[in-house]
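For reference, the structure is listed below as structure tokens.
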Amino acid sequence: MCLKAVILAGGSGSRLWPLSRKQLPKQFLSLAHQGESFLDATASRLTPLIDHDDVWVVTGEAHATGEAFSALQGYHTILEPEGRNTAPAIAVAAAALMADGDDPVMVVLPADHVILDQPSFHQALRLACEEAQQGRLVTFGIVPTRPDTGFGYIQAVGDAAVRDVRQFTEKPDLAHATAFVESGEYFWNSGMFVWRASVILSQIRQHLPEVAAVVDDMQHAMAQGERLHTVVKRMFSRMPNISIDYGVLEKAEGIRLVPCDIGWSDVGSWDAVHEISDRDANDNAVQGNVLAIDCRNTLLRSSSRLLAAVDVENLIVVETADAVLVVPRNKSQSVRKIVDRLKADNASEHLEHVTVKRPWGSYTVLEEQQGSGYKMKRIEVLPGARLSLQAHQHRSEHWVVVSGTATVTCGDEVKLVTKNQSTYIPVGEMHRLENRGKIPLVIVEIQVGDYLGEDDIERFDDAYGRAD
């Protein structure tokens with residue numbers, strides 16, 4: 001059986017703010033895997049059924065050149081120029097997997113879930129793949145542990161290892177959720193699916209012709225020799241925004257469900273993080289530089305500074321370099337309200353962290369005051385890496401090297417700037433920063449100008465595909 005995995009790694013970074021941001025959402029973070037990101041954990045749990053070389057990741061184009069760049073290395077990627085929900089993502093992935101004439105069984109998984117019982121997951125996956133090989137659409141239903149209004153539900157009848165699906169229900173009210181759980185016929189919708197690539201494309205053509213029309217154009221362009229990345233960038237935005245559940249599964253016939261009790265969580269809130277975390281005798285989940293005295297049933301997480309809590313209970317407190325979240329337990333779904341307010345106020349704290357990873361290294365904003373006319377950064381460039389050849393129309397820059405040796409292009413001049421030396425980049429001058437050495441290059445950058453936004457940049461040449 002030819003097996004391929006498609007991991008859906010979209011997401012806006014709102015539910016686990018302030019740790020997750022738009023530029024670095026949950027799927028690229030490590031919360032519960034001892035240093036392994038959610039994405040890597042999702043790919044790892046497929047072993048040995050599916051090799052790493054057979055894993056494809058569908059994600060936003062911005063992540064491939066932004067903070068999540070390093071997290072995507074080693075994966076086949078399909079880069080969406082903008083989000084269009086799960087149906088277009090799955091359709092393009094199926095077309096890509098069939099481009100070489102194959103018709104593999106596709107295992108479709110969200111990138112940001114936790115599964116604690118891997119042997120049971122493998123058993124369920126084998127059953128699903130056997131069904132899919134015979135041409136069926138298969139989903140995984142999570143055995144519910146409580147009436148929960150935050151999940152969709154799937155009704156499946158019978159008591160076999162694989163059951164027939166009767167209906168899908170969007171997030172119900174509490175009364176209906178309670179009745180669903182008590183009936184024993186309903187399961188949480190996991191968002192995990194298995195099917196052959198040709199079968200799901202056939203269903204998409206039947207139920208979502210507007211998606212199928214774009215996929216057909218993509219396949220024709222690839223058959224003429226155009227690269228997948230170029231085709232997706234040019235055509236993907238023509239597709240409607242629609243989920244595979246609503247667009248196909250709720251209308252298709254003969255769908256099969258594998259009931260699963262696999263220690264599953266979608267980690268959709270800080271309360272869910274508390275559930276899957278190691279906890280002490282007082283039910284506290286503590287991580288980072290935290291001092292907790294006489295606390296109970298709390299989640300306390302610090303990214304840098306000392307977080308001290310005394311005699312508190314039923315709280316979630318999360319500290320990062322530029323924000324602190326405080327919310328009662330069982331209310332953490334309301335974090336989205338904070339992100340919405342930050343967006344409305346044109347604030348930056350929902351977009352990215354103070355330290356921002358880039359393909360070439362990282363930068364940290366040391367000081368920035370609105371209206372001051374200057375900004376200070378610490379910039380670290382990895383050995384052998386270089387920034388794009390670029391120019392700024394609204395700011396000049398002063399660079400002071402504090403570690404390593406910088407190769408600096410400024411206009412027609414290329415020069416070396418060593419530790420304790422500095423250089424100046426005038427407004428509008430074409431320039432580039434490189435590290436040709438064997439140790440990290442660290443500089444302090446001082447920007448001066450009437451506009452200091454990150455979008456004041458014109459790229460002329462870039463090793464990471466970001467040139468204008």
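Only a predicted model underlies this, so the values are computations on that prediction, with no experimental measurement involved. What you see below is based on every heavy atom in this structure, not just the backbone, and it leaves out hydrogens, waters and symmetry mates.
We find the CD1-CZ distance between I154 and F187 to be 9.0 Å, quoted to the nearest 0.5 Å. Note that NZ of K22 is 7.0 Å distant from NZ of K343, once rounded to the nearest 0.5 Å. Distance OG1/T139 to CG/D245: 7.5 Å, rounded to 0.5 Å. The CD1 atom of I142 sits 12.5 Å away from the CG atom of D148 when rounded to the nearest 0.5 Å. Interatomic distance, L19 CG to H353 NE2, rounded to the nearest 0.5 Å: 5.5 Å. The structure places CE of M106 at 11.5 Å from NZ of K4, a figure rounded to the nearest 0.5 Å.
Looking at K233 and L79, their side chains never come closer than 4.5 Å, going by heavy atoms from C-beta outward. Looking at M218 and R238, their side chains never come closer than 4.5 Å, going by heavy atoms from C-beta outward. Contact annotation: the side chain of V55 approaches that of I7 to within less than 4.5 Å [non-hydrogen atoms, C-beta and beyond]. Using a 4.5 Å heavy-atom threshold, the side chains of I200 and I244 count as touching. Contact check for D266 versus W188: no side-chain heavy atoms found under the 4.5 Å cut-off. Residues P48 and H122 have side chains in contact (heavy-atom distance under 4.5 Å, counting atoms from C-beta outward). Here the side chains of V6 and L97 are in contact, with some heavy-atom distance below 4.5 Å. For the pair R279/H274, a side-chain contact is recorded, criterion being any heavy-atom separation below 4.5 Å from C-beta on.
Of the residues N284, N282, D311, D283, the one that meets the side-chain hydrogen bond (donor to acceptor under 3.5 Å, both in side chains) test with R296 is D311. Among R301, K331, E275, the one residue that satisfies the side chain to side chain contact (heavy atoms under 4.5 Å, CB included) test with W270 is R301.
Pairing each heavy atom of E349 with each of W17, the nearest pair is O-NE1, 3.1 Å. Taking both residues in full, the closest heavy atoms of P440 and P383 are given as N-CG, 3.9 Å, listed atom of the first, atom of the second, then distance. The two residues R163 and G184 come nearest to each other via the heavy atoms NH1-O, 4.5 Å. Considering all non-hydrogen atoms of both residues, F151 and P172 come closest at O-CD, 3.4 Å. Of all non-hydrogen atoms in A71 and D40, the two that sit nearest each other are O-OD1, 4.3 Å. Of all heavy-atom pairs between L72 and F28, the closest is CD2-CE2, 3.9 Å.
Checked by atom type, the side-chain pair D217/H220 shows no donor-acceptor distance below 3.5 Å. At a cut-off of 3.5 Å, with distance as the only test, no side-chain donor of E185 or Y153 sits close to an acceptor on the other residue. Under the 3.5 Å distance criterion, with hydrogens and angles disregarded, a donor-acceptor pair is assigned to the side chains of E36 and S44.
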Practice prompt. Apply the test side-chain contact (heavy atoms from CB on, under 4.5 Å) to residues Q287 and V273: give CA-CA distance (whole Å), side-chain angles for both, the deciding distance (0.1 Å), then the verdict.
Written response: CA-CA 11 Å; Q287 186 168 351; V273 175; over 6 Å; no
Discussion item. Evaluate V143 against W264 for side-chain contact (heavy atoms from CB on, under 4.5 Å), listing each step before the verdict.
Written reply: CA-CA 9 Å; V143 177; W264 173 90; over 6 Å; no
Item to complete: Dump the intermediate steps for side-chain contact (heavy atoms from CB on, under 4.5 Å) on F140 and I262, then the final yes or no.
Response: CA-CA 10 Å; F140 296 85; I262 53 178; 6.0 Å; no
Practice prompt. Before giving the answer on side-chain contact (heavy atoms from CB on, under 4.5 Å), spell out for L3 and L46 the whole-Å C-alpha distance, their side-chain angles and the decisive distance to 0.1 Å.
Written response: CA-CA 11 Å; L3 295 177; L46 293 167; over 6 Å; no
Pairs of donor and acceptor atoms involving the side chains of residues 312-325, under 3.5 Å and at least two apart or interchain, shall be tabulated with distances.
unit_1	atom_1	unit_2	atom_2	d
N314	OD1	N297	ND2	2.4
E319	OE1	S302	OG	3.1
E319	OE1	S303	N	2.8
E319	OE1	S304	N	3.1
E319	OE2	S304	OG	3.0
E319	OE2	R305	NE	2.8
E319	OE2	R305	NH2	3.2
T320	OG1	R21	NH2	3.3
T320	OG1	D322	OD1	3.1
T320	OG1	A323	N	3.3
T320	OG1	A323	O	3.2
D322	OD1	R21	NH2	2.8
D322	OD2	R21	NH1	3.2

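By the 4.0 Å N-to-carboxylate-O rule, K377 lies close enough to E454 to be salt-bridged with it.
No donor-acceptor pair closer than 3.5 Å links the side chain of R205 to the backbone N or O of A212. Between the S332 side chain and the D271 main chain, a donor and an acceptor come within less than 3.5 Å of each other. With S202 contributing its side chain and S198 its backbone, the two residues share no donor-acceptor pair below 3.5 Å. Judged purely by atom type and a 3.5 angstrom limit, Q219 has no side-chain atom pairing as donor or acceptor with the backbone of A99. Side-chain N or O atoms of D112 include none that pairs as donor or acceptor with a backbone N or O of K26 at under 3.5 Å. Between the side chain of T59 and the backbone N or O of A9, at least one donor-acceptor pair lies under 3.5 Å. S190 contributes a side-chain N or O that, together with a main-chain N or O of M192, makes up a donor-acceptor pair within less than 3.5 Å. R84 places a side-chain N or O within donor-acceptor distance of the main-chain N or O of S237, the cut-off being under 3.5 Å.
Residue D159 qualifies as open at atom CG: its count of foreign heavy atoms under 6.0 Å is 12 or below. Around CD of E253, the count of heavy atoms belonging to other residues, nucleotides or ligands within 6.0 Å does not exceed 12. Atom CD of E250 sits in a crowded spot, with more than 12 heavy atoms from other residues, nucleotides or ligands closer than 6.0 Å. Atom CD of E226 is surrounded by more than 12 heavy atoms from other residues, nucleotides or ligands within 6.0 Å.
Judged by the 6.0 Å and 45° rule, K251 forms a cation-pi pair with Y246.
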